[in-house]
Number of protein chains: 2
Amino acid sequence: MAAHKTDEFGKKEQDLAAFAKAISHPARIAILKVLAQRNECICGEIVEILPLAQATVSQHLKALKEAGLINGTVSGPKSCYCINWEAFDNFQSSFNTLFDKLKNSNQKSCC
Amino acid sequence: MAAHKTDEFGKKEQDLAAFAKAISHPARIAILKVLAQRNECICGEIVEILPLAQATVSQHLKALKEAGLINGTVSGPKSCYCINWEAFDNFQSSFNTLFDKLKNSNQKSCC
DNA sequence: CTTGTTTATCGTTTTTATACGATAATGCAA
DNA sequence: TTGCATTATCGTATAAAAACGATAAACAAG
């Protein structure tokens with residue numbers, strides 16, 4: 001009975017929802033904070049900081065990468081991640097566009 | 001094997017993640033748009049608009065209500081929903097605070 | 001070449017989300 | 001009171017997310 005009927009919504013709604021889902025887990029927010037602090041992109045240091053197993057952290061990194069929020073390259077045996085600032089700005093402005101559009105109405109809470 | 005270890009992260013991360021999760025589904029974004037357009041709070045009209053069953057829409061409305069993004073009151077046999085603008089502003093500023101804090105670093109993408 | 005380090009992926013388990021039909025509950029109208 | 005419309009909840013099924021151990025792959029160093 002087909003869970004997930006997301007196809008039947010507009011592309012904007014889908015993109016925004018996907019973005020939101022990418023940051024809908026505290027671990028992924030924490031990862032973004034770490035990556036933003038240390039501009040020299042980190043890899044296994046994230047595993048040290050987060051209270052999660054290495055495999056789990058790798059999974060979250062993959063999710064963030066697939067959402068386009070971070071870049072990742074392999075450098076030798078290590079992996080180097082960093083924030084994709086361009087996508088990040090798009091992300092933020094998409095959110096604010098949505099919020100502002102919603103607020104264009106008269107903002108009368110009837111209940 | 002305990003899925004969900006969210007307790008081990010900071011409260012801010014958790015709150016933000018919860019907010020993001022609330023809008024991480026296109027149906028819920030669509031609901032917010034409908035509610036913002038029609039300031040006279042709607043109820044079953046949302047069911048007409050969305051390509052989802054009544055029970056599913058009710059579930060999404062419940063999720064948005066529990067996240068604090070909308071208010072809901074029963075008026076007779078019908079239910080009246082509308083956006084909680086105060087919570088919505090908090091939501092938006094939380095997001096922008098996070099984004100701006102992240103962008104305080106030098107924004108050098110190393111990979 | 002072998003060893004050790006680092007990280008991604010696989011397989012699995014548990015939990016949560018999504019979706020819907022059916023039903024219950026609520027109150028309006030006749 | 002009886003019926004009708006509206007909506008929330010229950011039960012259930014399927015899919016996705018979250019977490020981890022184990023393993024494989026890639027490479028540096030010896």
Side-chain angles (χ1 to χ4, degrees), chain A residues 1-9 13-14 17-31 34-35 40-67 70-82 111, chain B residues 1-9 13-14 17-31 34-35 40-67 70-82 111:
Chain A
M1 221 114 290
H4 272 299
K5 264 194 158 182
T6 58
D7 332 339
E8 313 202 13
F9 294 93
E13 278 91 353
Q14 287 183 49
F19 266 143
K21 180 169 282 185
I23 58 171
S24 72
H25 194 288
R28 290 194 287 271
I29 294 180
I31 289 175
V34 173
L35 288 181
E40 0 84 60
C41 317
I42 328 296
C43 39
E45 294 187 295
I46 303 174
V47 178
E48 301 279 314
I49 296 174
L50 298 198
L52 295 172
Q54 181 266 322
T56 309
V57 172
S58 201
Q59 233 174 16
H60 284 305
L61 285 168
K62 190 182 178 186
L64 286 171
K65 194 175 176 185
E66 283 176 347
I70 65 174
N71 300 121
T73 31
V74 186
S75 78
K78 304 188 179 180
S79 271
C80 170
Y81 287 99
C82 61
C111 45
Chain B
M1 222 115 289
H4 271 300
K5 266 194 158 182
T6 57
D7 333 340
E8 311 201 15
F9 294 92
E13 277 91 353
Q14 288 184 49
F19 267 142
K21 179 169 282 186
I23 59 171
S24 72
H25 194 287
R28 290 194 286 272
I29 294 180
I31 289 175
V34 173
L35 288 181
E40 2 84 60
C41 318
I42 327 294
C43 37
E45 293 187 297
I46 302 174
V47 178
E48 301 279 314
I49 295 174
L50 298 198
L52 295 172
Q54 180 266 323
T56 309
V57 172
S58 201
Q59 233 173 16
H60 283 304
L61 284 167
K62 189 182 178 187
L64 286 170
K65 194 175 175 185
E66 282 176 349
I70 65 175
N71 299 120
T73 32
V74 186
S75 78
K78 303 188 179 180
S79 270
C80 170
Y81 287 100
C82 61
C111 46

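Just so we're on the same page: letters track the sequence lines, and every chain starts at 1.
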Please tell me if B:Tyr81 has a side-chain N or O lying less than 4.0 Å from either OP1 or OP2 of D:dA8. yes

Atom of B:Pro51, atom of A:Glu8 and distance for their closest heavy-atom approach: CB-OE1, 3.2 Å

According to side chain to side chain contact (heavy atoms under 4.5 Å, CB included), who are the partners of A:Phe19, at least two apart in sequence or on a separate chain? A:Phe91

Of the options C:dT18, D:dA18, C:dT5, whose atoms approach the side-chain atoms of A:Pro77 most closely? C:dT5

Heavy-atom pair with the smallest gap, counting every atom of B:Leu50 and B:Ala27: CD1-O, 4.0 Å

Candidate list A:Thr73, A:Leu61, A:Leu64, test side-chain contact (heavy atoms from CB on, under 4.5 Å), partner A:Tyr81, passing option: A:Leu61

Rounded to whole Å, how long is the line connecting atom CD1 of A:Ile42 with atom P of C:dT7? 11 Å

Distance in angstrom units between B:Ile46 CD1 and D:dT6 P, rounded: 14 Å

How close or far is atom C1' of D:dC4 from atom NZ of B:Lys78, stated in whole angstroms? 13 Å

Below 4.0 angstrom from OP1 or OP2 of C:dA19, is there any side-chain N or O of B:His60? yes

Of A:Gly76 and A:Ser24, the one whose closest DNA chain D nucleotide lies more 5': A:Ser24

Between A:Arg28 and A:Ile23, is any pair of side-chain heavy atoms under 4.5 Å apart? no

Integer-rounded Å distance: C:dT7 P and A:Leu64 CG: 16 Å

Remember a base hit wins even if backbone is also touched, and classify A:Lys21 as base, sugar-phosphate or nothing at under 4.0 Å, heavy atoms. sugar-phosphate

note: A:Ile70, atom CD1; C:dA8, atom C1'; distance rounded to Å ~ 13 Å

Whole-Å distance between C:dT18 C1' and B:Ile29 CD1? 16 Å

Take atom CZ of B:Arg28 and atom C1' of C:dT16, then tell me their distance rounded to the nearest Å. 12 Å

Smallest heavy-atom separation, A:Ile42 atom then A:Leu35 atom, equals N-CD2, 4.3 Å

Expressed in angstrom and rounded to an integer, what is the separation of A:Glu45 atom CD from C:dT5 atom C1'? 15 Å

In terms of relative ring orientation, are A:His25 and A:His60 parallel, tilted or perpendicular, with 30° and 60° separating the classes? tilted

Is there a residue in residues 48-59 of chain B whose heavy atoms reach under 4.0 Å of DNA chain D, and which residues are they? B:Gln54, B:Ala55, B:Ser58

Toward the 5' end of DNA chain C, by each residue's nearest nucleotide, B:Ala27 or B:Val74: B:Ala27

